[in-house]
Structures are given as C-alpha cells and as structure tokens.
Amino acid sequence: MTSTRGLEGVVATQSAISSIIDDTLTYVGYDIDDLANNASFEEVVYLLWHKRLPKHDELAELKQQLADNMAVPAEVLAHFKTYDIKSVHPMTALRTAVSMLGLFDEAAEDMSDEANYLKAIKLQAKLPTLVTAFARVRKGEEPVQPRTDLNYAANFLYMLSGKEPEAIEVEAFDKALVLHADHELNASTFTARVCVATLSDMYSGVVAAIGALKGPLHGGANEQVMKMLSEIGSVENVESYIQTKLDNKEKIMGFGHRVYRNGDPRAKHLREMSEKLTALRGESKWYEMSVKIEELVTGQKKLPPNVDFYSASVYHSLNIDHDLFTPIFAVSRVSGWTAHILEQYADNRLIRPRAEYTGPGMQTYVPIDER
Ligand SMILES: CC(=O)SCCNC(=O)CCNC(=O)[C@H](O)C(C)(C)COP(=O)(O)OP(=O)(O)OC[C@H]1O[C@@H](n2cnc3c(N)ncnc32)[C@H](O)[C@@H]1OP(=O)(O)O
Ligand SMILES: O=C([O-])CC(=O)C(=O)O
C-alpha cells in the first residue's frame, strides 16, 4: 500500500455540486464568471441546494425562510459574555457557537430529508447573526437585530455596523459571497463529508468544517494576507519584504493552489472589486501593494493569487475587522458545506481510507519494570 501525500489528485467522491476542470470553476454547470456577474447570493444558495436556479416564487420563499430563521437563541448570545471575548479568535468562537446551536434545535438528531433541509436553512440564516453579534459584543456593543427587508449581504453589513450599508458595499459583499460559496472537495468540505458519512448530524459536520476552514493554509489565509499588507505598509516596501520572504522560502499567503495551475478564476473578480473599493475609500495603496506583490510572486514563483488574496483588501475596504475575514468565508461557504452534507446523506457510504504504515515491525510487550 502506498499513500499519496496530502491526497493530491485522489478522486475521493462523486459530486454534482461544483467542478474545477481545466482551471474553470462551475457551480452545477454555471461558470463562476457568469454567476459572479449576474446571480445574487441567495440564488446561488438555492442552486447549490437544489441543483437548479430558482424561479421567482422559489427565491422569494428561500429569502423568507432565511429571514425567519436569522434569530439565534438568547443563551448562545449570552454565552459570548461568559469568557474573555477579546482574547478569543472569532473562528474559535464561531466553532463553539455553531455547536451550541445544535443544543437548541429540537430537530438536531432528526435525520429526515425535511429536517436536514431545514437545518441547512437554519445554519445559513444564523451564521451572520453569530459572527456579527460576536463582533459587536467584544466591542461592548449590543447585537443588532436582523432586518427582514434587507437581502442576505446587506443584512450582514447592517448587523455588523448598525447602519444601512451603501449599495456599492452590498453589491461587492454579495459578489464576494457568491465567489466563496462552494469549491468542489476543498479541505473543509471534505471534512464535513467525512464527518456526516458516519451518519452524524449536520451541526457536527459544519462544526468540523469550521475547524478545517480556520487554518491559514485554507480559509485562514485571507486574514494573514491583510496582516502581511499591514506589515508592509507602503508600495515602496513591497519588494524588499517579499524578496526576503521568498529568499527564506517562506510562503506568501494568498498565493498557490492545490488544484488550479494557471490561476484561480475567482481572483480577478476580487481584484476588480479591490481596485474599485480601495479607490472609493481613498486608500488605493492596499490595491497597489497587492498588485505589486502579485507581480513579484507570479513573476518569480509562477504562483498566481487565489481567492484569499484580493478578498483581504476588499473586506478591509468594507470596514470589516481583519479577524472577521475567515468567519465571513464560513458565512458564505456554509451554503456549500450543507449542500455537500445533503448530497452525502442522499447516497451515503462511510468514508474510511487506509494509511500506509511507517512504524516499527512486530514487537513484544515488555512489562513496565523491565523497560
Ligand atoms: C480558500 C483556499 O483555501 S485557497 C488557499 C489559501 N491558502 C494560502 O493562500 C496559503 C498559501 N498557499 C499555500 O500554502 C499552498 O499553495 C496551498 C496550501 C494553497 C496548496 O498547497 P500544496 O498543493 O500542498 O502545495 P505545496 O505547499 O506542496 O507547494 C508546492 C511548492 O510551491 C511552493 N508554494 C506553494 N504555495 C506557495 C506560496 N503561497 N508562497 C510561496 N511558495 C509557495 C511550496 O513552497 C512548494 O515549493 P517546493 O516544491 O520548492 O517545496
Ligand atoms: O479548493 C481548495 O483547495 C481551496 C479553495 O480554493 C476553496 O476552498 O475555495
């Protein structure tokens, strides 16, 4: 038995949700460029869950269901006040809060199709409320109640700041949500599928996925990109900073990808938004620094930026705290995780691969006094 490091190139399941073929990303057969330019996030959520685009009444129903389920139990909100919230990473808090949601869902263990679909709606609806409440409570502010008249993207920004966002902010955030919604068998989605393939419940699958997304080699990279941009500080400093990292064989966050070889098709949309939004804020330097980093890393290492690179300056321009970037990724990706969980349940088989053993050969037990 020989293993493949990091399961590179291993085809571990079948899925009809999203595909990456020859560097083209599609959700249910729709090119990501088409969806990014035309679809709303709610339409994409429907697409991932139902494997087709919604009609008017179906979209209206989904929006209503999301609006109806945005509130989170008071006990979960109160729990944010039971620990030193300022010292806790929001992904750690989100992981625990989502696990707590399972405590308050009477249908948590109901494995019927209807109950599982409803759990997907509840999770999609409640994640923004959790992330924004956490962000406010740690600043000593009260959570803002969601508004039923705002769309999903606008509601998130509204609950975060307490102010109704501008149209351009909503448009950019909605597009970012569309771009992050699903991505074939990425590490967090695979984690979710492995978890629920034991026939564990959906909350367990999503908690496991949040844990996997948190790492800086996956969703955590967007926060690290902003940390890097902040450390560099100005366009003039880019070259020496990046050159030193490359000389020291350190990774540049937001670059490289396990599957894409010639570039991540999502990055260009985020790059465009970064240019527009940083200019609007009078802070074009974040975009200019990013472009210079891209030139250097792509020029020297042939590594193009991934989805996490330009999303950093986009979210920064929306006045979002840097450690909320990865929780926002989760707010979008929960649509994909739940779609994959539903798909796994629909045709389940335990996921249990093998390991190539590299330990010692057969040994004989030696009593502790004789060792
Ligand atoms: C949403 C997402 O999850 S997108 C990915 C987000 N993660 C990041 O941006 C973190 C930075 N990037 C990386 O760490 C990697 O490119 C990953 C994790 C995305 C992909 O990893 P893998 O497919 O395992 O590639 P691996 O890490 O083996 O890299 C292959 C080679 O490219 C180099 N390389 C890969 N990414 C980078 C990078 N960002 N900066 C510098 N060098 C890199 C590696 O050092 C390695 O070089 P070597 O062969 O000389 O040792
Ligand atoms: O697919 C991957 O390995 C990581 C990624 O880009 C994503 O999850 O969006």
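Read the numbers this way: they start at 1 and go in the same order the structure lists the ligands and their atoms.
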**Message:** With rounding to the nearest 0.5 angstrom, report the CD1 to CG distance, Ile168 to Leu318.
**Reply:** 9.5 Å

**Prompt:** Hey, looking at atom 20 (C) of ligand 1, which of Arg258, Gln300, Arg333, Arg266 has the closest heavy atom?
**Reply:** Arg258

**Prompt:** Using a heavy-atom cut-off of under 4.0 Å, does the side chain or the backbone of Asn186 touch ligand 1, or both, or neither?
**Reply:** neither

**Prompt:** Does ligand 1 have any atom that is closer than 4.0 Å to a heavy atom of Gly254?
**Reply:** yes

**Prompt:** Any protein heavy atom under 4.0 Å from atom 29 (O) of ligand 1?
**Reply:** no

**Item:** Flag side-chain contact, heavy atom, 4.5 Å: Arg333 against Asn186
**Value:** yes

**Prompt:** Protein heavy-atom contact under 4.0 Å for atom 51 (O) of ligand 1?
**Reply:** no

**Request:** Measure from atom 46 (C) of ligand 1 to the protein's non-hydrogen atoms and state whether any distance is below 4.0 Å.
**Result:** no

**Request:** Looking only at protein heavy atoms, identify the closest one to atom 8 (O) of ligand 2 and say how far it is in Å.
**Result:** Arg333 NH1, 2.8 Å

**Message:** Heavy-atom pairs closer than 4.0 Å: do any link ligand 2 to the side chain of His218, the backbone, both, or neither?
**Reply:** side chain

**Item:** Heavy-atom gap Phe329 to ligand 1 smaller than 4.0 Å
**Value:** yes

**Request:** Could you tell me whether Arg266 and Asp308 have a side-chain N and a carboxylate O separated by less than 4.0 Å?
**Result:** no

**Asked** Is there at least one pair of N or O atoms, one from Ile252 and one from ligand 1, spaced under 3.5 Å apart?
**Response** yes

**Asked** Any idea which part of Leu303 is under 4.0 Å from ligand 1, heavy-atom wise: side chain, backbone, both or neither?
**Response** side chain

**Prompt:** Is atom 32 (O) of ligand 1 close to the protein, meaning a heavy atom under 4.0 Å from it?
**Reply:** no

**Asked** Any Lys/Arg nitrogen of Lys285 or Glu236 sitting under 4.0 Å from an Asp/Glu carboxylate oxygen of the other?
**Response** no

**Asked** Yes or no on salt bridge (charged side-chain N to carboxylate O under 4.0 Å, His left out) for Asp110 and Lys119, after CA distance, side-chain angles and deciding distance?
**Response** CA-CA 10 Å; Asp110 183 342; Lys119 274 178 258 176; over 6 Å; no

**Asked** Hey, is Glu275 close enough to Arg271 for a salt bridge, meaning N to O under 4.0 Å?
**Response** no

**Request:** Distance to 0.1 Å, residue and atom name: give those for the protein heavy atom nearest to atom 11 (C) of ligand 1.
**Result:** Phe255 O, 3.3 Å

**Prompt:** Hey, mind stepping through Thr13 and Glu343 against side-chain contact (heavy atoms from CB on, under 4.5 Å) and telling me if it holds?
**Reply:** CA-CA 11 Å; Thr13 191; Glu343 189 179 62; over 6 Å; no

**Item:** Sidechain N-carboxylate O distance under 4.0 Å for Lys63, Glu43
**Value:** no

**Residue, atom name and distance, where the atom is the protein heavy atom closest to atom 5 (C) of ligand 2** = His183 ND1, 3.3 Å

**Prompt:** Does some non-hydrogen atom of the protein lie less than 4.0 angstrom from atom 25 (O) of ligand 1?
**Reply:** no

**Request:** Would you mind running through ligand 1 and noting each atom that sits below 4.0 Å from a heavy atom of Val307?
**Result:** 1 (C)

**Closer than 4.0 Å: a protein non-hydrogen atom to atom 36 (N) of ligand 1** = yes

**Message:** Side chain or backbone, does Arg258 bring an N or O within less than 3.5 Å of an N or O on ligand 2?
**Reply:** no

**Asked** Which option, Leu217, Thr326, Leu213, owns the non-hydrogen atom nearest atom 18 (C) of ligand 1?
**Response** Leu217

**Message:** Taking distance alone, with N or O pairs closer than 3.5 Å, would you say Arg266 contacts ligand 2?
**Reply:** yes

**atom 43 (C) of ligand 1: any protein heavy atom closer than 4.0 Å** = yes

**Asked** Which is it for Ala187 and ligand 1 at heavy atoms under 4.0 Å: side chain, backbone, both or neither?
**Response** neither

**Atoms in ligand 1 with a heavy atom of Asp308 nearer than 4.0 Å** = 1 (C), 2 (C), 4 (S), 6 (C)

**Request:** Specify side chain, backbone, both or neither for Asn306, according to which of its non-hydrogen atoms lie closer than 4.0 Å to ligand 1.
**Result:** side chain

**Request:** Would you confirm whether the ring centroid of His340 sits within less than 6.0 angstrom of the ring centroid of Tyr345?
**Result:** no

**atom 7 (N) of ligand 1: any protein heavy atom closer than 4.0 Å** = yes

**Item:** Note: Lys55-Asp57 ion pair, threshold 4.0 Å (strictly below)
**Value:** no

**Prompt:** Regarding Arg138 and the six-membered ring of Phe80, is the cationic atom NZ or CZ under 6.0 Å from the ring centre and inside 45° of its axis?
**Reply:** no

**Asked** Side-chain donor-acceptor pair under 3.5 Å between Asn38 and Asp34, yes or no?
**Response** yes

**Prompt:** Thinking salt bridges, do Glu239 and Lys292 make one under a 4.0 Å N-O criterion?
**Reply:** yes

**Complete:** At under 4.0 Å between heavy atoms, what of Lys301 touches ligand 1? The answer is side chain

**Request:** Give the numbers and elements of all ligand 2 atoms closer than 4.0 Å to a heavy atom of His257.
**Result:** 1 (O), 2 (C), 3 (O), 4 (C), 5 (C), 6 (O)

**Request:** State yes or no: are the ring centers of His180 and Phe41 separated by less than 6.0 Å?
**Result:** no

**Request:** Tell me yes or no: between the side chains of Ser188 and His218, is some donor less than 3.5 Å from an acceptor?
**Result:** yes

**Complete:** Which of Ser18, Ser335, Ser332 passes side-chain contact (heavy atoms from CB on, under 4.5 Å) with Asp182? It is Ser18

